[in-house]
4 protein chains.
Amino acid sequence: MAVAEPEEPKRSEGTTRRRAVRADAIRNREAIIEAASEVLAAQGTAVDVREIAGRSGVGMGTLYRHFPKKEDLIRTVLRRDFSKWADSARQAAIEARDPWAALTDFYQQALTGYARHSAIMENFALTWSAPDVAGIQQLRLVIEELRARATDVLRPGVTTDDLLLLLVSLGHAVQVTDECRPHMWNRLLHICLSGLRADHRELLPAEAAPDTNSWTRLLPGS
Amino acid sequence: MAVAEPEEPKRSEGTTRRRAVRADAIRNREAIIEAASEVLAAQGTAVDVREIAGRSGVGMGTLYRHFPKKEDLIRTVLRRDFSKWADSARQAAIEARDPWAALTDFYQQALTGYARHSAIMENFALTWSAPDVAGIQQLRLVIEELRARATDVLRPGVTTDDLLLLLVSLGHAVQVTDECRPHMWNRLLHICLSGLRADHRELLPAEAAPDTNSWTRLLPGS
Amino acid sequence: MAVAEPEEPKRSEGTTRRRAVRADAIRNREAIIEAASEVLAAQGTAVDVREIAGRSGVGMGTLYRHFPKKEDLIRTVLRRDFSKWADSARQAAIEARDPWAALTDFYQQALTGYARHSAIMENFALTWSAPDVAGIQQLRLVIEELRARATDVLRPGVTTDDLLLLLVSLGHAVQVTDECRPHMWNRLLHICLSGLRADHRELLPAEAAPDTNSWTRLLPGS
Amino acid sequence: MAVAEPEEPKRSEGTTRRRAVRADAIRNREAIIEAASEVLAAQGTAVDVREIAGRSGVGMGTLYRHFPKKEDLIRTVLRRDFSKWADSARQAAIEARDPWAALTDFYQQALTGYARHSAIMENFALTWSAPDVAGIQQLRLVIEELRARATDVLRPGVTTDDLLLLLVSLGHAVQVTDECRPHMWNRLLHICLSGLRADHRELLPAEAAPDTNSWTRLLPGS
DNA sequence: CATGAATGAGAATTCATTCAT
DNA sequence: AATGAATGAATTCTCATTCAT
């Protein structure tokens, strides 16, 4: 399920002497990514590269050999972690007993596991402006799948992007309340999911024009 | 003591005879705050102080005379901008025709105006961990007021903190989609507000225990 | 007794309209000097000029009108304080009952009063390299007087400069021990004065050649 | 005889196989310390760090890699230079032919070599208020040793602290006269040492109470 | 290839001095 | 003439990236 990683060093194929990629090089690469993942999760992308090099037990030179720019390393890690995230959340959805439960379990899992990953959340924000940056696409595919399955129980007009943006928003809520009110986001999730159910039949506004007056239709009495 | 009174912007009001604050000093201070507000809105709090000094047309020394620490300037600007934000959103709420409209208009306004302000959003996230940082309190009061007014039309159990966290989350959504899908957040807002209405009577989970199984009760058919 | 201060602003004498120096200008000048003296005594010459302006209740502009350079102000203050110092120490000497007592009382007084004045001590060090900087000359004159009076009881060969350098050294000792061992310098003073008495008849080394072997003559047994 | 310097980077000797410290790194470290020592000796601790970096031929980053704070560098240099100082002065004492000569040679050497070192003298002044700052303790030990050896020829009641303070004072005298009267301090040294000899039997004043009248007893005739 | 030392362009802050009010 | 605001060069320290060993 993990996405192909194009950066993976490959054997050179044009030379007579085709030496396999050295085992320790691969090990180093893994160690760097693992350490970077931890550090990025804890501190976000503003970390000092030394911190990562130190934790992974390699020198700066090695790190920069594998990832010529800090940016490259971050992208690689994020791609990996987004994949893991998508996988774990999807797994939760698969095990659910019905489409609605799949959706709710998906959010539950997604927000419980990786939403504390600072760098993930930091970059999840870039979903829309630079969607190819990381493995976000996978997450989107999972959501697309869930949405398709749950069409009947979902409020009409809800799009995959809506669900994705909801995940982004709630992920932020998780980050924000993590230290002081660690379960507060759960209430928000309930509220939002309620609003997603099929018993709400009001049209969602088109993206193009923010129709201010549409609110009147939301009046409870109406 | 035949001192000719010069043009005085402000006299001190106490007994201490203090010189009126110089007009150009006030102007500079305003210019600094204004420039800082723009820059902070655009780039967040990680800006270079020189950028602000440059934009406001003053030297570094002047900036540091008014705000001895970068932090001081940021706090001042944030306080001001949070206030403006709260005021504008509250104004929208006041003009609304009923409690529900007040709530929806509040969110609408709040998310339209200042949610693009990077530094505001950056610090809004600190609401929970360091709530006294800025004029966030004002915003909270406005929300508290709205909640009280709207009790009848609000889903039972919804707290002011829920509404505040919702604002934080949606504010983030606005930021995230601002460049590419500028009105997308509006759909999310509709969804969330739907979930807030009184016709949802399921209990919201207590913060203490994330009750995973409570989701079953959300099944549309149930 | 106070030394003439050439910087003192004087009436202009070439114009028809000879306006007296404004009273408040004089008052300001005094206030600045007084404040500067306090601050310089407490913190040495590294103080911020603002501190002085603030304490004297005048603006920076006024301060700089009277003393175009920080250096100028310091020089003025030092000249004044060196004078005061010389006066007070000389007074102690005058009241003494004999030449030796005059000398000891002089040191006692000199080290008790002004030796805590940071800037004085800081600049006392410049006595030799730039002797005209401040009112040190007066102090030197007092010492010269004392030395002349005490010739009979003084070890032969002791010069005024020796006595002055001794004062510099002990002044430093006072500064150094002021906080933790406030009277320790007194013991050192006793020791040094003992060495100055006429019963020591060994020749002091000429300045030109540091005669290392001269020490043998100091052996107590000899 | 040279004291061990624990800061010196060494090859690890334990089981952890650590890379030997790179030769050029050591060279740089030495160069920095050496340059810093020169600059600190000449200008005191108020130097610009860039001056040191420039002189040692390394970039700012390198300097800060070795010494994360300016303070750290200064401390290291001072420790080294105090040690050197103590060693050289003690060496002179060891070679002396008797206890009194040891004392005099010690002072002679101590004042000849390092007393021109601005930063050393600057920090030597802190002996009393913050005695642990640097390797001052070593110097104190040497003096303690000398005092013990010379008890018979020393005026009764003279303490190690007295001798230390004398060194501080004379060190200052050296600094003060270094440029214009480079050997003048030598005369002062003679005077002070005379006052230290056993043939002076007057009691030194206790630190607690400065007994002004004790001076009468010092009258040469008495 | 791995290592970690070196680099140097910033970034925040201070302070003597000047200048508009 | 007085005021205190404005100036900006100087200073300490950081960190992504390069390079010698």
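Proteins get letters first, then strands, A, B, ... in listed order; numbering begins at 1 in each.
With sequence neighbours left out, Asn28(C) forms a side-chain hydrogen bond (donor to acceptor under 3.5 Å, both in side chains) with no residue at all. With sequence neighbours left out, the side-chain contact (heavy atoms from CB on, under 4.5 Å) criterion links Glu34(C) to Glu38(C), Arg80(C). In this view, Glu51(A) and Arg55(A) satisfy the salt bridge (charged side-chain N to carboxylate O under 4.0 Å, His left out) rule, not counting sequence neighbours. Residues satisfying the side-chain contact (heavy atoms from CB on, under 4.5 Å) criterion with Ala125(D), sequence neighbours excluded, are His172(C), Val176(C). Here Ala31(B) pairs with Ser56(B) under the side-chain contact (heavy atoms from CB on, under 4.5 Å) rule; sequence neighbours left out. For the side-chain contact (heavy atoms from CB on, under 4.5 Å) test, residues two or more places apart in sequence or in another chain that qualify with Glu122(C) are Thr45(C). Looking at residues two or more places apart in sequence or on another chain, you find a salt bridge (charged side-chain N to carboxylate O under 4.0 Å, His left out) between Arg116(B) and Asp178(B).
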(message) With side-chain contact (heavy atoms from CB on, under 4.5 Å) as the criterion, how do Ser118(C) and Gln175(C) come out once you've worked through the C-alpha distance, each side chain's angles and the decisive distance to 0.1 Å?
(response) CA-CA 8 Å; Ser118(C) 298; Gln175(C) 287 250 310; 4.1 Å; yes
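For Asn28(A) and dA2(E), the shortest distance from a side-chain N or O to OP1 or OP2 is below 4.0 Å.
For residues 39-48 of chain D, the pairs satisfying salt bridge (Lys or Arg N to Asp or Glu O under 4.0 Å) are Asp48(D)-Arg50(D), with sequence neighbours left out.
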Dump the pairs, protein N or O against N or O of nucleotides 18-20 of chain E, anything under 3.5 Å, distances to one decimal.
none

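No donor-acceptor distance shorter than 3.5 angstrom exists from the side chain of Ser37(A) to the backbone of Ile33(A), with no hydrogens or angles considered.
Within a heavy-atom distance below 4.0 Å of DNA chain E, the residues of residues 34-54 of chain A found are Arg50(A).
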(message) Both atom distances under 3.5 Å, Watson-Crick or G-U wobble: I'd like the secondary structure of DNA chain E as a dot-bracket string, with | for pairs made across strands.
(response) .||||||||||||||||||||
